2 protein chains.
Amino acid sequence: MPPTAENRPVWFTDPQPPPATEPLSRERVVAAAIALADADARGEITMRAVAARLGSSTPMSLYRYVGSKDGLADLMVDEVYGEIAVPPGAWRDALRGLGLSAWEAVQRHPWFARLAFSRPPLGPHAIALYDAALAPLDGLDLDAATRMGCVNAVLGPVMGAGLAMLEERAMRAKSGLATEEDLAEAARPYIERIVADGKHPHFIRWVSDPGRLLPGPPTFEQTLEWVLDGLAGLVTPAAGTPGEGAAR
Amino acid sequence: MPPTAENRPVWFTDPQPPPATEPLSRERVVAAAIALADADARGEITMRAVAARLGSSTPMSLYRYVGSKDGLADLMVDEVYGEIAVPPGAWRDALRGLGLSAWEAVQRHPWFARLAFSRPPLGPHAIALYDAALAPLDGLDLDAATRMGCVNAVLGPVMGAGLAMLEERAMRAKSGLATEEDLAEAARPYIERIVADGKHPHFIRWVSDPGRLLPGPPTFEQTLEWVLDGLAGLVTPAAGTPGEGAAR
DNA sequence: CATCCATGGTGTACGTTGTACACGACGATA
DNA sequence: TATCGTCGTGTACAACGTACACCATGGATG
């Protein structure tokens, strides 16, 4: 006689929380969301997936700690801002270190490039980072807009390179193609039609070159150096006229 | 006696298509989607909204012309690629023109910066544009990866600036804040807490400056010029040693 | 000791999204 | 006149974010 709802003893009806999971917390929710976003090729998460990873049966558990999915994204972004550091030193070394540190963080968390560009950097770690990045510019006789412009000129290429990385990862995952050869094979029908078409000879010359997929130059580090060169012209406007701005 | 389903004459039961809309087409679908994305602060669209704009009562009408929402995005992106032009001339003038033309297109269609970074540029307009951008680099003794790197080095800042523009538009729309003063007012609670905290003096010095919201420098045009300066070092490696790569 | 209430996790449910599928209207063709 | 390809519609479903009511528990309070 199998146990029914009536005769079943409490050991069956009261199965007590299976693995006695440790309690939820804002930190655990954010950490789980970051881990999932890191693992996902497109860097996207789902409240249900985050809840499942934490052993919760319903996404509603999370809302006691984060308010909304957007709020969770704010917290994730600020967490990564906390992984970025500005080394001490003169402005050029400091900003180069900022760029390289941010680039490393973006390589660990490609989704950061997408999310950080979609919200104001007002979290505690973000503000601390901007404070550290503005510090070496403070004695240079630059107005406020220019100081912040210097920082953003360094972070801009970082985010751009991160978005490109995210795109490549997503495309690779969607098509299930691991090697460069597989990827080139998948794009072949498109390419061949263009080659057969005969127009666009310069594009054809590019796709026909087997070395076209090599990383660079210009690498990210080189672009960053160019930006720093340009900023040097702002910081010490010796060559041009002092008040010279951009065209527009 | 009001007309019922049985006795009602055909003038009631057969109300014929109200305004006799012109037939759908792939061009009309793409144009409607672009118009909606231009109007939306976040640059996002909905298949239902596109269908409604075309006078259709169901989103399924569109799927006879576009395959999927992602496919529609591909078409939208390629349409904007068609608005970008490369002027004739030497490589530096050509690439500067490319950057400025792309920047104008991104200002018209901020969503382009987000979508173009999320897919390979394989549409006909995109390929024609890349062909035109590669053309002035073809006689310069650069390998294929470097030639494409030059083009992307120009387009990168364009997309970065576009994403920043998109973010500002979205934030402004979400908070319903029109003027700079309103915006500053909304951010005040955050800011004041930080100021009261006392840490982050350089950040405080920045937020306390009324001129911090002025556009620049560095403006987009100035950043573009820096990139072109950097590219000039690649194209004619007279100053440094020829084989010099990036730091890393 | 009985009661209350704050805290934290659950279950159900709703509106919105993309889109699969079957159907109906209609002009061209056989 | 019968058939068929083209075009648009209506219904339906799964997945998403999240509002709301509910229950379990454990310490504070009478």
Side-chain angles (χ1 to χ4, degrees), chain A residues 5 10-11 13-33 36-37 40-76 111 114-115 118-119 170 174, chain B residues 5 10 13-33 36-37 40-77 111 114-115 118-119 170 174:
Chain A
V10 288
W11 301 286
T13 63
D14 189 19
Q16 73 191 13
T21 64
E22 61 184 314
L24 292 179
S25 69
R26 171 175 282 202
E27 289 76 24
R28 294 223 317 139
V29 171
V30 173
L36 283 178
D40 183 67
R42 300 170 55 210
E44 285 174 1
I45 61 171
T46 287
M47 297 303 272
R48 285 173 163 84
V50 177
R53 187 187 176 91
L54 291 170
S56 176
S57 65
T58 165
M60 293 317 290
S61 343
L62 313 177
Y63 284 86
R64 197 148 312 248
Y65 302 94
V66 297
S68 72
K69 191 186 183 184
D70 243 36
L72 174 56
D74 286 340
L75 295 171
M76 294 166 68
W111 47 267
R114 181 166 42 83
L115 291 189
S118 313
R119 64 199 72 241
K174 184 168 64 179
Chain B
V10 289
T13 65
D14 188 19
Q16 74 191 10
T21 65
E22 60 182 315
L24 291 179
S25 68
R26 170 174 283 201
E27 289 75 25
R28 294 224 315 140
V29 170
V30 174
L36 283 178
D40 183 66
R42 301 172 54 211
E44 285 174 0
I45 60 171
T46 286
M47 297 304 272
R48 284 173 163 81
V50 176
R53 188 186 174 93
L54 292 169
S56 176
S57 66
T58 166
M60 293 316 291
S61 344
L62 313 176
Y63 283 86
R64 199 154 306 253
Y65 302 95
V66 296
S68 73
K69 192 187 184 185
D70 242 37
L72 174 56
D74 286 340
L75 295 171
M76 295 165 69
V77 164
W111 47 267
R114 180 167 42 84
L115 291 188
S118 313
R119 66 200 70 240
K174 184 168 64 180

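Keep in mind that this is a model prediction, so the values were computed, not measured. Numbered from 1 within each chain, the chains take letters A, B, ... in sequence-line order.
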From D/dG10, C/dG9, D/dC20, nucleotide with atom closest to A/Met60 side chain
D/dC20

Heavy-atom donor-acceptor pair, B/Thr58 side chain to B/Met60 backbone, under 3.5 Å
yes

From the list C/dG8, C/dG18, C/dG11, which nucleotide is the closest neighbour of the side chain of A/Arg64?
C/dG8

Taking OH from B/Tyr63 and C1' from D/dG10, how many angstroms apart are they, rounded to a whole number?
15 Å

Side-chain N or O of B/Thr58 versus OP1/OP2 of D/dG8: is the shortest distance under 4.0 Å?
no

Nearest to side-chain heavy atoms of A/Thr46, which nucleotide of C/dG18, D/dC16, C/dG9:
D/dC16

Without swapping roles, check the side chain of A/Ser61 against the backbone of A/Ser57 for a donor-acceptor pair under 3.5 Å.
no

Please pick, from C/dT10, C/dT19, D/dC7, the nucleotide with the shortest atom-to-atom distance to any side-chain atom of B/Pro59.
C/dT19

Between C/dC21, C/dG18, D/dG17, spot the one nearest the side chain of B/Met47, thanks.
C/dG18

Could you state the NZ-P distance from B/Lys69 to C/dT19, rounded to the nearest angstrom?
8 Å

Any sub-3.5 Å donor-acceptor pair from B/Thr46's side-chain atoms to B/Ala49's backbone N or O?
no

For B/Ser68 and C/dG18, is the shortest distance between a side-chain N/O and OP1 or OP2 below 4.0 Å?
no

For the side chain of B/Tyr65, starting at C-beta, report the closest nucleotide among D/dG8, D/dT18, C/dG18.
D/dG8

Write down the distance between CZ (B/Arg28) and C1' (D/dG8), rounded to a whole number of angstrom.
13 Å

Length of the CG-P vector between A/Asp70 and D/dC16, whole Å:
17 Å

Of the listed nucleotides D/dG17, C/dG18, C/dT10, the one nearest the side chain of A/Arg48
D/dG17

A/Arg26 CZ to C/dT7 P, straight-line distance once rounded to whole Å
15 Å

Between CG of B/Leu36 and CZ of B/Arg53, what distance do you get to the nearest 0.5 Å?
5.0 Å

If you look at every strand shown and take non-hydrogen atoms under 4.0 Å, does A/Ser61 touch a base, only sugar-phosphate, or nothing?
base

Taking any heavy-atom pair under 4.0 Å as a contact, classify B/Ile45: base, sugar-phosphate, or nothing.
sugar-phosphate

Value in whole Å for how far the P atom of C/dT17 lies from CG of B/Leu36:
12 Å

CG (A/Leu115) and CE (A/Met76) are apart, to the nearest 0.5 Å, by 6.0 Å

Choosing from C/dG11, C/dG9, D/dG8, which nucleotide comes nearest the side chain of A/Pro23?
C/dG9

